[in-house]
Amino acid sequence: MSHTDYYFRHQCILRKLQKAPASLEEIQDYYELECETHGYAFSFSKRTFIRDKNEILSMFKREIGYNKSLNKYYLEEEEIQDDFGGRIADTYNTYLALNMMESIADFVHLEKRRPQGMEHFSELMQALKGKFIIKFEYEKYDNSDATARRAEPLALKEFESRWYLLAKDLKDNTIKIFALDRMSYPETTKQRFKADKNFNVNTYFEHCFGIVRPSETNAKPEEIILSFKGNKGKYIKSLPLHISQQIIKEDEKELQVKLLLFITHDFVMEILKHGDEVEVLQPQQLRKSLKTILKGAEQYY
DNA sequence: TACGGGACATTTGTTTGATT
DNA sequence: AATCAAACAAATGTCCCGTA
């Protein structure tokens, strides 16, 4: 039984209880049915369930309670947590969402995107869970040779169909982002590390678009004002570019939004994606660099 | 009475190391 | 280098008892 199977069981238990409270028998039936549809014939005992229940509490901070009069287990209300457990829960939820997408892929036509580097997921998840130092080889974009790394895993994050590991590189004690598809031979060592209490993933990514943070440590997020023309506004309203997105003006012609972000390459690319349907009003520096890029592009046509 | 969990058994998978 | 089994490790199951 691989790690994946083990996560799959947790996933089934959570999915079942998310829908409605259920008795142990109902949960077991649901799991067996799910396994069957994937071509397996797994089952689990009551003892395993009790262990899973505790595991789900410690790992994902989701408590499963028991209602004696109904003879049913139920999921306690989710608490917003910002600690280690919450971080894993976050990762896990994304993982679940991804898996679910896969299982409904036969019925619903989805954009064909296959997440890269998923084969390392379980290994890294295991290290993350147990706070083990990991070793792996990593290739940079510039195609230089792969270098061996040792790092403390902090979180796994998905962005635009790619998985990334946030980890503290022990070579220079710096927190970095590693793309899973450029990583090879990840290995969990026997060595444990202590999680830094002051570190919070959400704060770390607070002003980031996607997963890239500027390398300069003193970089400051900038206030950005964008104007989306015409119908585009509706789309941006329903799918905000970033959590900091605030609507400052809205009429038939345009939608103006304010963002607080680090201006990174990824963000510039995001703006370009919207072509002539967006105008950067602020800051001036960003207006200028977009103008340069677009002028450069113009000469091709 | 039935859940939760400790202790131990069983199963399954992985590592090691000796042997061919 | 390839093979196999013993040793080990991890996951899961069985049994049983305290407790609410």
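With hydrogens and angles ignored, the 3.5 Å screen pairs no side-chain donor or acceptor of A:Glu32 with any backbone N or O of A:Asp29. A:Tyr138 places a side-chain N or O within donor-acceptor distance of the main-chain N or O of A:Ala179, the cut-off being under 3.5 Å.
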Could you run down the sub-3.5 Å N/O contacts of the protein with nucleotides 17-20 of chain C?
none

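Counting to the nearest Å, the P atom of B:dG4 and the CG atom of A:Leu57 are 12 Å from each other. Across the protein-nucleic acid pair, A:Asp52 atom CG and C:dG13 atom P stand 9 Å apart, rounded to whole Å. With rounding to whole Å, A:Asn54 atom CG is found 14 Å from C:dT12 atom P. One interatomic measurement links the two molecules: CD1 of A:Ile50 to P of B:dG6, which rounds to 12 Å at whole-angstrom precision. Rounded to whole Å, atom P of C:dA11 lies 9 Å from atom CD of A:Glu55. The CZ-P distance, from A:Arg47 to B:dC8, rounds to 14 Å in whole Å. Residue A:Lys46 contributes atom NZ, which lies 10 Å from atom P of B:dA2 at whole-angstrom precision. With rounding to whole Å, A:Leu70 atom CG is found 20 Å from B:dT1 atom P.
For the pair A:Ser45 and C:dG13, the criterion of a side-chain N or O lying under 4.0 Å from OP1 or OP2 is met. Listed pair A:Asn71 / B:dT1 fails the phosphate criterion, with no side-chain N or O lying under 4.0 Å from OP1 or OP2. The side chain of A:Tyr73 places an N or O atom within less than 4.0 Å of a non-bridging phosphate oxygen (OP1 or OP2) of B:dG4.
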Before giving the answer on salt bridge (charged side-chain N to carboxylate O under 4.0 Å, His left out), spell out for A:Glu254 and A:Lys249 the whole-Å C-alpha distance, their side-chain angles and the decisive distance to 0.1 Å.
-> CA-CA 8 Å; A:Glu254 63 163 351; A:Lys249 190 179 163 199; 3.0 Å; yes

Apply side chain to side chain donor-acceptor pair (under 3.5 Å) to A:Thr48 and A:Ser45, showing your working.
-> CA-CA 5 Å; A:Thr48 300; A:Ser45 68; 3.3 Å; yes

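Under the 3.5 Å distance criterion, with hydrogens and angles disregarded, a donor-acceptor pair is assigned to the side chains of A:Asn71 and A:Tyr66.
Annotation: A:Lys135, atom NZ; neighbour count of heavy atoms from other residues, nucleotides and ligands within 6.0 Å does not exceed 12.
Put simply, the side chain of A:Arg51 and the base of C:dG13 share a donor and an acceptor less than 3.5 Å apart.
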Which donor-acceptor pairs under 3.5 Å do side chains of residues 262-274 of chain A form with protein atoms, sequence neighbours excluded?
residue, atom, partner, partner atom, Å
A:Thr264, OG1, A:Phe267, N, 3.4
A:Glu270, OE1, A:Lys273, NZ, 3.1
A:Glu270, OE2, A:His274, NE2, 3.1
A:His274, ND1, A:Lys232, NZ, 3.3

